[in-house]
Amino acid sequence: MRERVRLVLSVRETLYWARRCGRGAIVKTRWWCLILLLMAAVVGGGGSAQARGPDPDACQAGRLKPRNVSASLDFDYHDRSYAQVISDLTVSVSAKEWPLATDLALGEQTPEYQKAMRCLLRGEEEVPRNREWRFHDPKVTVRGDVVTVDYEATAWIEQARPFLIGPWRIDIDPKGKSWLVRLRPPKTLENAKWGQVEVKLDGLEASNIFPREASSADSDRLVWTEPPPFAVRVYVDPPWQRSFNVDQRWWSLGWVGVASWWVFTSLVIVVAVCWAWREKRAAEQEQKSDRPAASDPAEWEELARRVRLWAVLSVAVALTLRLLILDPPQPVRAWWRYPLTLVLGAGLLLAACPWRRTAPYPAAREPGPEEKSDDRKNGRSRQVVIVAATLIASTVGVLGYLRVVTRAGDTGLALLALVMLWVWLAATAAWAWRFALEGELVREAWSKAWDGAPVRCAVVAGALLVGAAAALLASFWWTKERNWARSYWLVDPSGAARDRKRIEFLEEFAYSGLTWVYAYAWLLAGIALVALLNIRVKERRARPGGKDEATCLGPTGPDLLLTVALFALSVGFRQVEFAGSNVLFGFWFLMMIGSLYAVVEIGRRFSVLGRTGPKFRLRRLGSKRSRHVLLMKAHEFRNVHHKLYSLDRGRGEGDLKREDLERKLDGLQKWLFDDWDGEGRPPQQISVLDTALSWGPGGDWWDNARRAARLAFGFGFPASVALVWLSYLRDTPTQMATFQSPVGLPEIAAKCLAWQVAWTVAGLVLGALWRVLPGRRSPVRALSLTAAYAVPVCVGALITQITDTELGYVFLHVALMLLVLTLTSIWMDMETFSEERRFWPSRVGLLLSVYQLRGLSTQVAYLAAQLAIVVGVWRSLAGSDSRPK
C-alpha cells in the first residue's frame, strides 16, 4: 500500500512540473525541463521499486539467541477415548541481545506483545493451528534483563492427520498404528542453545528413537541433553485402543451405531403401535357395545397413524441428512445440498399437518351446521397460514440461494442459513405440538386458542422460532469467533485473514445447526409415546367395564412396551455418552428395554400385590370408595400395632388385652381377601398397610405415573443444574472447551432440559410400575427401577475397562437417579395417606405414623446413606482437575 501511495505522489509531482515547464518558457528551457522530468521519473520509479523490495527483518532473528530452551511432550491416554498430548516449551532470552524481549512484558492484547510472541514461538509460520488448545496464555517472567516464556499447549490425537503442537510435529499414519513425534521448532530458535528435551511416553512403546544416545530412557520417559533440535524423533506404537479410534473405520462404525439407534427406536415404536391397534380391534369385536364413548376412537387411530408416520420419517430423514447432506457423495455437488435440505425440512413440516382441528366434539352430540362451517373456516385459515409461512420462508431461502450462486456476498448465506434452520425448527415444533394436542397433553385453553385464533397463534409461534434461529446463529458465531481467535492467535492477530473462514462458517452453519437440532428429535418420539399412553388409558376408561381393566396392577401388553420404550429412550439414552463410542447406541437401547422387562417380570412375582397366589384373590380396589375404606383399614392397622407396641413395654391403656388386638389384626387381614372361605390363613406377608402403600395415591397406574412424574420433575431440577455445571462450567479448562465449541451455549440449556426430561420420565415409569415393582416399602421400588437403569452401566463399565476409555459421570448419574426416585417414592407415600394430613401438624409427623417410627428411622438412614454416596462421588469429581474429552 505504501509503494502505491509513493508511486501516485511521484506521478502527480511529475505532472505538476510538466505544467510549470509548459507555461511561457523558451524551447530550450522546455527541453531542459523534460530532461529533469525524465530523471525525476527514473528516480521515482527507482524509489518505488525500492519500496516494493523486501522489508527488513521485523523479528531481528539474527540477534535472537536464546540462552536456554527446553521442551517436553507428555502423552496421556489412559481412561480416554482419544490420547491427549501436552507440550511445554520454556525459552529464556536477553533483553540486551534481542530488543523485542521487553515487549513480552506488555499487555497480552497489545500489538507489540503479539508480534514478539509470534517471532519467538512461530517465526515464519502462517498456518493456523486448529487442533492446538491453550488453557492459559504463555507465562512471562522477567528477572533483570532475562525474559523467560513458558508456553503450554495441548491437543488430542483424534484424526489420522499430522498436526503441530508447540515446537512439536506429530504425524499419524492413515490406520493410526504408528505415530511419529518430531521436534520442529521455528526458525527463530535455530541458533538457540537447547538444554533438555523430554518425551513422556506414559507406558507407550517406542519402536525407534533418534538420537539414540539419550541421557535417560525407560518405558515412561526419554530425555536428551543439548541435542540438535531437528534430529529428535520418536516412533511410537500405540495400543489398539488408541489406534482403532483414529482409523476412519471407527467413524464409519460410529455412524452405523447412530443409525442402528434410529432404526431400533422406530421399529419398537411401530411394533408397539401395531400391537395396540390389533388389541383395540379385538376388544371392540368382543364387546360390540352401543354405549357411547367419551373418547372418540378416530382420535386414537389418527394419533397412531401419525406416530407410525413419524417413526418412518425420522429414520428416512436421519439417513438422508447423513448420506446426502452432511457427507454428500461425489456426484452431489455442494450447491445441491441447500435446496435439498430446504425441501426436506419443508416436507417434514407439511407432513405434520398442524392445521387440522384438534378439539374433538363430544361423542354424545352431533355438531351443528354453524359449528361445522366455523370448523371448516378455521381449518382453512390454519392451512393457509402455515402453507403461506412455509412458502414465504422457502422464497426467502431461494433468494438467499440465488445470491449464493451469484456470489453476492455474506447476506445470501446468512438468509439461507436462517431460513433453513427456521424451517427445521418449525417442523420440529409442529410435530411436537401435533403429538401433544392429539394425545390431550396440553391444557384445553391452549387448544381452544389455537382453534379460535390460528393466524395469531401461527404468527406468534413463527416469530418465536425466528428468534430461536437468530439466537442459535448468534451463539454459533460468538463461539466460532473465540475458536478463530484461538487458532489465529499468533498467525493473524488482527483478524484480516479470517474473512474467508467466516464465509466457510456461514456455508456450514445451516448444516451444523440443523444437525444439532435434529439430534434432539428423540424428544418428539418421547412425546409421542406419552401421548399414546394417555389416549389409550382414556379410551379404555370410556369402554364398558373399562374401569376395572384400567385399574389393573400395571401396564400390560403394548402399554408395557410403550412404557419400557419410553424409559429406554428418555432415561437410558442419558448414559450412552460414555463407553467411548457411538457404536453402542442401538445396543444400549435394546439392553435397557431388556433390563426393565426383567425387573418387571421379577416384580410381578415378588411384589406385595403379586404374592397373593392363585388361592387368594385381592379385594377389588378400583373404585374411590374401596380405596377410602382401604386407607381407613390401614389407619386402624397402624393404631392396633401402636397399641401392641405400647402394651409390650408396659404402657397399655385401660383393659386392653393382647388377644383382642391380635383378633383385630386377623380381621383386617381377612377383609383384604374377599374370597377367603375361612379355611387356612391368608398370606401373612401382605397387610392392609402394605397394600395401601403398594396401591399408591392414584386410582389406576396412569394416575400414579402422572403424580410421580410431577414429583420427580421437582426433585430432579437441582440434580440437572449440578450435572450441567459439572459437565460444562466447573473450571477454566471445562469452560474453555464449552465456550469454544460451536454448540457450547445452546448445549447447556439443551442438556439441562434433557436431564429434566430424564428425571420426569423416570418418575412416570416408577409410578406406572408402582404396583408391580418388588419391595414392601416404596424406596425399595425406587431401588428396583434404578437397578434396571444401572445394569447397562455396569456392562458399559466393563467395556470401558477393555477399551481403556473414560467412564465419565455415569456412577454419579446412577446415584442421583436413586436419590431422585427415593425422594419421589417417599412423597408418593405421603400423597397416598393425604386424607390423614389434617391429623398431623406436619408431613414429618405423617411419615412417623405411616412408617411407624422404626420404619422411618430406617428410611432416614437409607436416604442419608444415598446423600453420603452422592456427596462422596461429587467431591471426587468436582475436586479433581478436569480432563476435557
Side-chain angles (χ1 to χ4, degrees), residues 58-61 63-74 76 84-95 97-156 163-170 183-198 200 229 482-495 731-733 735-737 739-740 881-882 884:
C59 292
Q60 302 182 30
R63 302 181 61 180
L64 178 57
K65 298 179 180 180
R67 295 184 178 182
N68 183 28
V69 180
S70 61
S72 66
L73 188 69
D74 186 6
D76 184 9
Q84 182 184 7
V85 288
I86 303 173
S87 169
D88 193 0
L89 174 66
T90 303
V91 183
S92 297
V93 295
S94 174
E97 298 177 356
W98 191 47
L100 273 67
T102 57
D103 295 338
L104 295 172
L106 299 177
E108 298 170 354
Q109 303 300 326
T110 59
E112 293 81 6
Y113 169 87
Q114 295 175 354
K115 176 183 176 181
M117 194 63 71
R118 176 182 180 181
C119 291
L120 190 64
L121 301 179
R122 295 288 190 269
E124 299 178 357
E125 181 183 335
E126 297 290 342
V127 180
R129 298 190 176 186
N130 298 322
R131 297 175 62 180
E132 182 183 270
W133 294 73
R134 303 180 313 279
F135 295 142
H136 52 77
D137 289 323
K139 298 179 181 179
V140 179
T141 305
V142 180
R143 295 181 179 176
D145 64 335
V146 178
V147 181
T148 303
V149 177
D150 186 9
Y151 176 44
E152 183 178 354
T154 187
W156 286 264
F163 63 94
L164 299 173
I165 173 174
W168 303 88
R169 176 185 172 92
I170 301 180
L183 184 61
R184 288 295 181 267
K187 292 184 178 180
T188 52
L189 298 181
E190 287 182 347
N191 300 326
K193 179 181 179 182
W194 288 79
Q196 178 175 299
V197 176
E198 180 180 12
K200 299 178 182 179
R482 292 174 59 89
N483 207 2
W484 288 332
R486 173 184 61 83
S487 303
Y488 287 84
W489 172 56
L490 294 178
V491 175
D492 182 31
S494 63
D731 54 16
T732 301
Q735 293 177 9
M736 180 205 68
F739 296 140
Q740 290 191 342
D881 295 334
S882 64

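Counting begins at 1 with the first residue of the sequence.
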Exercise for review: Run through D150, L104, V69, L64 and flag the one making a side chain to side chain contact (heavy atoms under 4.5 Å, CB included) with V91.
Suggested key: V69

Practice item. Kindly indicate whether the side chain of P167, heavy atoms from C-beta on, has any atom under 4.5 Å from the side chain of L189. Key: no

**Study point:** Face-on cation placement of R134 at W489 ring, 6.0 Å and 45° thresholds
**Key:** yes

Point to revise | Pair T154, Q84: side-chain N/O donor-acceptor within cut-off below 3.5 Å | key: yes

Review point. Nearest heavy-atom pair of A95 and T102: which atoms, and what distance?
Key: CB-CG2, 3.9 Å

**Study point:** Backbone of C59 reached by a side-chain donor or acceptor of W98 within 3.5 Å
**Key:** yes

Practice item. Examine distances only and state if a side-chain atom of R129 and a backbone atom of G166 form a donor-acceptor pair shorter than 3.5 Å. Key: yes

Check your understanding: Less than 4.0 Å between a side-chain N and a carboxylate O, is that true for E132 and R122?
Key -> yes

Exercise for review: Heavy atoms only: give me the nearest G123-P186 pair and the separation to one decimal.
Suggested key: N-CB, 4.0 Å

**Study point:** Residues in side chain to side chain donor-acceptor pair (under 3.5 Å) contact with T148, at least two apart in sequence or another chain
**Key:** S92

Check your understanding: Rounded to the nearest 0.5 Å, how far apart are CG of N483 and CG of N130?
Key -> 7.5 Å

Review point. What do the steps show when you test R67 against V146 for side chain to side chain contact (heavy atoms under 4.5 Å, CB included), and what is the final call?
Key: CA-CA 9 Å; R67 295 184 178 182; V146 178; 3.4 Å; yes

Exercise for review: Please examine the side chains of W156 and R131, heavy atoms only from C-beta on, and report whether any two atoms are closer than 4.5 Å.
Suggested key: no

Point to revise | Audit row: R118, E126, salt bridge (Lys or Arg N to Asp or Glu O under 4.0 Å) steps and yes/no | key: CA-CA 10 Å; R118 176 182 180 181; E126 297 290 342; 2.8 Å; yes

Exercise for review: State which residue, out of T188, L89, V93, L100, fulfils the side chain to side chain contact (heavy atoms under 4.5 Å, CB included) condition with L120.
Suggested key: V93

Point to revise | Euclidean distance, R63 CZ relative to E97 CD, rounded to 0.5 Å | key: 9.0 Å

Check your understanding: Above 12 or not: heavy atoms from other molecules or residues under 6.0 Å from CD of E124?
Key -> no

Exercise for review: Determine, step by step, whether E198 and L73 satisfy the side chain to side chain contact (heavy atoms under 4.5 Å, CB included) criterion, reporting the C-alpha distance in whole Å, the side-chain angles of both residues, the deciding distance to 0.1 Å, and the verdict.
Suggested key: CA-CA 6 Å; E198 180 180 12; L73 188 69; over 6 Å; no

Review point. Hey, does the side chain of S87 reach the backbone of E152 with a donor-acceptor pair shorter than 3.5 angstrom?
Key: no

Review point. Rounded to the nearest 0.5 Å, how far apart are OG1 of T90 and OH of Y151?
Key: 12.5 Å

**Study point:** Axial cation check for W133 ring with R486, 6.0 Å and 45° limits
**Key:** yes

Check your understanding: Which pair of non-hydrogen atoms, one from A153 and one from I165, has the smallest distance, and what is that distance?
Key -> O-CD1, 3.8 Å

Check your understanding: How long is the gap from NZ on K115 to CG on L490, to the nearest 0.5 Å?
Key -> 14.0 Å

Check your understanding: What distance do C119 atom SG and Q60 atom CD have between them, rounded to the nearest 0.5 Å?
Key -> 8.5 Å

Review point. Any donor and acceptor pair, going by atom type alone, linking the side chain of T110 with main-chain N or O of G107 inside 3.5 Å?
Key: yes

Check your understanding: How long is the span from the CH2 atom in W168 to the CD1 atom in I170, to the nearest 0.5 Å?
Key -> 9.0 Å

